[in-house]
2 protein chains.
Amino acid sequence: MSTVILEPWDHETFVAQLRAVGMTRYHHLHPFHQAMNRGALSPEQIRAWIVNRFYYQQHIPMKDAAILANCPLPEVRRLWLHRISDHDGEHEDEGGIAAWLKLAEASGLSREEVLSGRHVLPGVRFAVEAYVTFARQQPWPLAVASSLTELFSPDLMSERLAAFERYYTWISPEGLTYFRARLQQAPRDAAQALELTVRYCTTRQLQEGAVQALAFKCDVLWSMLDALQFAYGPLPGEPAQTAASTSAPTPAPQEGRL
Amino acid sequence: MSTVILEPWDHETFVAQLRAVGMTRYHHLHPFHQAMNRGALSPEQIRAWIVNRFYYQQHIPMKDAAILANCPLPEVRRLWLHRISDHDGEHEDEGGIAAWLKLAEASGLSREEVLSGRHVLPGVRFAVEAYVTFARQQPWPLAVASSLTELFSPDLMSERLAAFERYYTWISPEGLTYFRARLQQAPRDAAQALELTVRYCTTRQLQEGAVQALAFKCDVLWSMLDALQFAYGPLPGEPAQTAASTSAPTPAPQEGRL
C-alpha cells in the first residue's frame, strides 16, 4: 500500500479554504439568526436565545484554557492568555460573561435563572460540551483553528446590534455592551488565531484538519440554533412543519417558560 | 452493604493533615537536596539538576491551564490566572521560565541544550507528565491541592538561595533571580491555594483526596531527584551502594554529559 503525501497548500489557498467554510456553514445562514436579524423573534424567543447562548459564553474560558493546557510554546500561550481575562474579567462584573449576564437581565431574565442553567436545552449543552472536549483532546493548532468563526462574527455582530437597536427596543441599550465589545475584540482575536493557524498548520494533514476543525465549530453554533428552533419555534412567518429541518412535530414546551 | 459517610474534618484538622504530608514527604528530605544545600554537589550535578528541573518549570503553565480548563467558576479562574503569566511572562525574557533559563546559562549550560530537552532523564519526564496528566484528569480542587507543596517551598528556597550564594559562587548572582522571585510569590500562591482547597474540598472524600493529591505531588518532586541521583550519583560523602534507595548499580552516564 502506498501513501500519497500531499503538498501543503500555499497561504492563499489555505486561507481561502478556511473562508469557504464560513461562507457556507457559519450560523449567519441559520433561519433562527435570520429571523432574529429581521426583527421577527418574540421576546420569549430572544430570551431563550440569550439564556442558552449564555451556556456557550460560560464555557469559552475553559475552552481557551484547554488550548493553553495543550500548548508547549510560551510565545503562543502569551498571545492566547488575554482571551481568558477578556471573558472572566479582572474583577467580578467585568468581562464578557458579566456583560452577557447584563444582556440577560436587560431582557427580563433574572441573574439566578440564567446562572442556574435550568433553561439550557440538551442540544445546546451537548454542542457546547463537544466544543470544550474538542479543545481538550485535539492538537492545539486545530483547537486554535476551531476558533476561526471569529473571522465571520463581526459582520453578524454588527447586523445583530442594528437589529436589536431597531426591533428589540424593549431591551435597554446598556444591555448591548457585549456586542459592542466583541465588535472590537473579534477582529483582533480572529487575526491572531488566523496567523497562528497558518504558522503552525504547516502540513497538508494539519491544514485539512484546521478546515475540518472550523467546520466542526460551525456545526456547534448551528446545532445550538437548531435546538432553539425546535424548542421555541415555529418562527414567525414560517409554518410549523418547515420550522425545522425534519418533519418531526415541534416538541412540547419545557417547564419554566421564558 | 452499608456505606459509612464520614464527617468532614474541621478546618484545623484538615490543614494539619495537609501540613503533615509536607513534613514527611516533601523533597527537602531527599538526599540530593540535602547534598545540594550543604554545598556538596559538583558543577556537573548542579547543572544536571538545573536542566532537569527546567523540564518541570516548562510544564507548570500547562498544569495551571489544565486546572482552569476544568474549573467552571470564574471567581476561581480569576484567582488562578496570574500563575500562567508569572511563569510565561508578559513578554519574552520575562517570567519564571525565562528566569530559570538565565540560571541555566549562569551555570554554564547553553540555552539551546536546555531547550532541546536532550539532558532530561526519563524518570523526570515521566514524573512531570504524571503531574500534568493529574491536573488534566482530576477534579480541579484536587489539582489545586496538589500545588500545595508551595506551602513548604519558601523554607527550602531560602536555604537553597543561601547555599548557592555560599557554596556555588561560580554561578553569578544574577542567575539566582528565579529563587528570589519565588520567595515572594510562593507564600502568596500557597495561601491562595490553601484557601481554595479548604473552601472547595468540603466533603471528607474530597478532603482525603486533597491530602492524597499533595502526597502524589510530593512523589513527583521526590522521584525527579531519585532519577538525578541514579544518573549523576553517587553523592559526595556517600558510598555508591547507598546513593539510591535500591541496591541497583548506578546506571552508565548518558551521552552528552553536562
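In what follows, chains are A, B, ... by sequence order, proteins preceding strands, each numbered from 1.
In this structure, CG in B:D64 is found 10.0 Å from CZ in A:R77, a value given to the nearest 0.5 Å.
The contact between B:N70 and chain A is made by backbone and side chain atoms together, counting heavy-atom distances below 4.5 Å. In this structure, chain A has a heavy atom under 4.5 Å from the backbone of B:H91, while its side chain stays farther away. Both the backbone and the side chain of A:E92 come within less than 4.5 Å of a heavy atom of chain B.
Applying the 6.0 Å contact sphere to CD of A:Q205 captures no more than 12 heavy atoms from other residues, nucleotides or ligands.
Side-chain contact between A:Q58 and B:P72: absent, with no pair of heavy atoms (C-beta onward) separated by less than 4.5 Å. The side-chain heavy atoms of B:L81 and A:D88, taken from C-beta on, include no pair separated by under 4.5 Å.
The backbone N or O of B:A69 lies less than 3.5 Å from a partner atom in the side chain of A:R136, making a donor-acceptor pair.
Of all non-hydrogen atoms in B:M62 and A:L68, the two that sit nearest each other are CG-O, 3.9 Å.
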